[in-house]
Amino acid sequence: MIKKSRSIDLSHGEKSYIDKKVAFVSIAVIVISILCYNFFGLNEASYGLWSLLPTAVVVTMAIYTKRTVESLFVGVIVGLLMTESPADFIPSLSGIFLTVFQNDVVAWIFIACGLMGSIIALVSCAGGADSFGNWISEKVKSRKGTLYSTMGLGLVIFIDDYLNALTIGSSMRKATDKVKVSREFLAYVVDSTAAPVCIILPFSTWAVFFSGLLEETGAAGEGKGMDLFISSIPYMIYAWVCLAVVALVINRNIPLFGKMKEAEDRAQETGAVLNEEDAAIDEEIQPTVKNSNMFNFFVPIGALIFFTWLFDIDIMAGAMAAIFLTVIFYAIQNLMPMGKMFDAILSGFIGMIAPLGTLFCGFMLAEVNNSLGTTNYVIEAASNFMTVDYLPAVVFITMAALAFATASFWGIFVVGMPIVIPLALTLDADLPLVVGALISASAFGSHACFYGDSTVLSAKACGISPMNHALTQLPYTLIAAAISVVFFLLLA
């Protein structure tokens, strides 16, 4: 007797999970990447225009898929295929993982942001954030007033953009939710008062970094970097224009349009401050203390700001000290069991892992771009247009594009400033104006980049995805950038 053989159906129905167009483009990109290695990598030649390929892949994929981590990782893969042989691909990939993990700056960011998440979770669990939100709602009844209050708070917490974004976003959610402000619009206001505010005040982490870099590059003498930084503040045009644009958008002198208008219409008409995708992933911490008070908000946040300033603007040390003080302060009041407080601290730290994953992949992409010579190529390509009349505008456009594409808002200036500053001195250009253009470009990148730290942390604090935040605010950042270019042309 002959038995009929049974075929095994490995399909999952008629639906195909493979997009043929995407598959075709992916294969083409892989082939081009391998060819680049054979033409440039083996010969140790300059990659030229092809050095922009990984970044172009990241930006295109991020817009198409709305997923940032995957897009960044694919960009890293493309870059490695361009610089390494197929046999060395996996070892090189693991090497980049280790290099980024062992980077002191990356480690500092991970610990500092994790601790920031911990203290925010602790304050929320103790009912401090709710008390602050209720207090704001009692004092300010209108949408415009609430949004201007958010902007004002951003001007007050100017020490660091991380501290600014995470603190204000999480603090103002309840107040803006009550007046039906979409989280997308809240994130835009929060992000616009992060890096743009930090660069125009000489007491921030940005001022400390760039004043030191100005001394290292010879733009200023030893001990004179901060003086040059302060003299450049009036010329940090993007920051000033960005703040003006935010105020005008809040007041509706600049109308809402695009995805931001859709978000605000949704919030006004349905009361849904989050879209369906973001609502599904929002993990807002519910307070366990019902009869809390304002001190349970102001003491921890005030301690965070004070200790950050006390420890030479070190957020990590400031957050550690603030957590210790907050636990003692809550324990004295007998607000909640000690176990609950430590649970909140742990959950807040864990909650920061997803956005930090985006930042980690961004640092990996920066490593790949460094090996490809992306920054040097773009600056050299733009140098032909760097005459004394156009230098500030061209510097702003070039460095802003690099910062936006690479998500490196300080690192690329370590490479770019030693090229631009000597050129400015040779052309006898207005040095504070050129420095203002450079730092403005850094602020634009931090503000606008889809996968930049300020964008990711502002989105996290407001409970939305980084891509949703980036795409809704992008038109307004581009408006501010375009106006800034006009001012740089006029001032030169």
Side-chain angles (χ1 to χ4, degrees), residues 108-126 128-130 132-133 150-176 183-184 186-198 204-206 278 282-285 297-309 313-323 326 344-360 362 409 446-447 449 451-466 469-470 473:
W108 182 91
I109 288 172
F110 267 60
I111 297 170
C113 291
L115 292 173
M116 286 287 292
S118 293
I119 195 165
I120 289 168
L122 190 57
V123 171
S124 299
C125 195
D130 264 21
F132 178 76
T150 305
M151 189 176 175
L153 199 58
L155 296 173
V156 172
I157 305 177
F158 56 80
I159 293 177
D160 185 82
D161 51 334
Y162 290 6
L163 175 64
N164 182 305
L166 286 169
T167 303
I168 299 169
S170 57
S171 302
M172 293 300 297
R173 281 160 60 156
K174 187 176 180 66
T176 54
R183 293 287 182 82
E184 290 90 339
L186 172 62
Y188 166 55
V189 176
V190 168
D191 203 356
S192 298
T193 55
V197 169
C198 289
S204 67
T205 50
W206 288 64
D278 289 336
D282 185 35
E283 299 176 350
E284 189 166 356
I285 297 172
F297 174 83
F298 282 115
V299 169
I301 300 303
L304 177 61
I305 296 169
F306 171 74
F307 284 122
T308 299
W309 170 79
I313 318 182
D314 185 346
I315 305 174
M316 184 173 75
M320 283 181 181
I323 288 172
T326 302
I345 292 170
L346 185 60
S347 66
F349 201 103
I350 292 171
M352 293 301 299
I353 290 176
L356 288 173
T358 303
L359 298 184
F360 183 83
F409 317 120
S446 176
H447 189 198
C449 180
Y451 35 89
D453 45 15
S454 185
T455 300
V456 171
L457 296 177
S458 297
K460 168 64 179 176
C462 297
I464 63 175
S465 68
H469 167 43
Q473 78 165 359

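Note: hydrogens, waters and symmetry copies are ignored here, and every other heavy atom, side chains too, is used.
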OG (Ser171) and CG (Leu166) are apart, to the nearest 0.5 Å, by 10.0 Å

Side chains of His469 and Ser458 only: does a donor on one sit below 3.5 Å from an acceptor on the other? no

Phe360 meets the ring pair (Phe, Tyr, Trp, His ring centres under 6.0 Å) criterion, sequence neighbours left out, with Phe97, Phe101

- Thr308 vs Met316 side-chain heavy atoms within contact, under 4.5 Å: no

What one should report as the nearest heavy-atom pair of Val197 and Gly154 is CG1-O, 3.9 Å

Between Ala187 and Ile464 the two heavy atoms that sit nearest each other are CB-CD1, 3.8 Å

Any donor and acceptor pair, going by atom type alone, linking the side chain of Arg173 with main-chain N or O of Ala461 inside 3.5 Å? yes

Side-chain touch Ile315/Trp108, heavy atoms, less than 4.5 angstrom | yes

Hey, mind stepping through Tyr162 and Ile109 against side chain to side chain contact (heavy atoms under 4.5 Å, CB included) and telling me if it holds?
CA-CA 9 Å; Tyr162 290 6; Ile109 288 172; 3.5 Å; yes

Worksheet item: Does the side chain of Asp191 come within less than 4.5 Å of Thr455's, by heavy atoms?
Response: yes

Hey, can you pull the donor-acceptor pairs under 3.5 Å for the side chains in residues 113-121, sequence neighbours left out?
{"from": "Ser118", "atom 1": "OG", "to": "Gly114", "atom 2": "O", "distance (Å)": "3.2"}
{"from": "Ser118", "atom 1": "OG", "to": "Ile345", "atom 2": "O", "distance (Å)": "2.7"}

field: Any Leu153 side-chain heavy atom under 4.5 Å of Met172 side chain
entry: yes

Check: Can you check whether Gly351's main-chain N or O pairs, donor with acceptor, with Lys460's side chain at less than 3.5 Å?
Finding: yes

Closest non-hydrogen atoms of Phe307 and Ala322, given as atom of the first, atom of the second and distance, are CD1-N, 4.0 Å

So CG of Leu155 and OG1 of Thr150: to nearest 0.5 Å the spacing works out to 11.0 Å

Nearest heavy-atom contact between Cys462 and Val190 is SG-CG2, 4.2 Å

Legend entry - Ile301 vs Thr167 side-chain heavy atoms within contact, under 4.5 Å: yes

Of all heavy-atom pairs linking Ser446 and Asp453, the shortest is OG-OD1, 3.9 Å

Minimal heavy-atom distance between Thr358 and Tyr451, with the atoms involved, is CG2-CB, 4.0 Å

Sorted by chain and number, sequence neighbours left out, ring pair (Phe, Tyr, Trp, His ring centres under 6.0 Å) with Phe132 holds for Phe297, Phe298

>> Apply side chain to side chain donor-acceptor pair (under 3.5 Å) to residues His447 and Ser454 and explain how you reach the verdict.
In response: CA-CA 6 Å; His447 189 198; Ser454 185; over 6 Å; no

Rounding to 0.5 Å, atoms CG (Leu346) and CG (Leu122) come to a distance of 12.0 Å

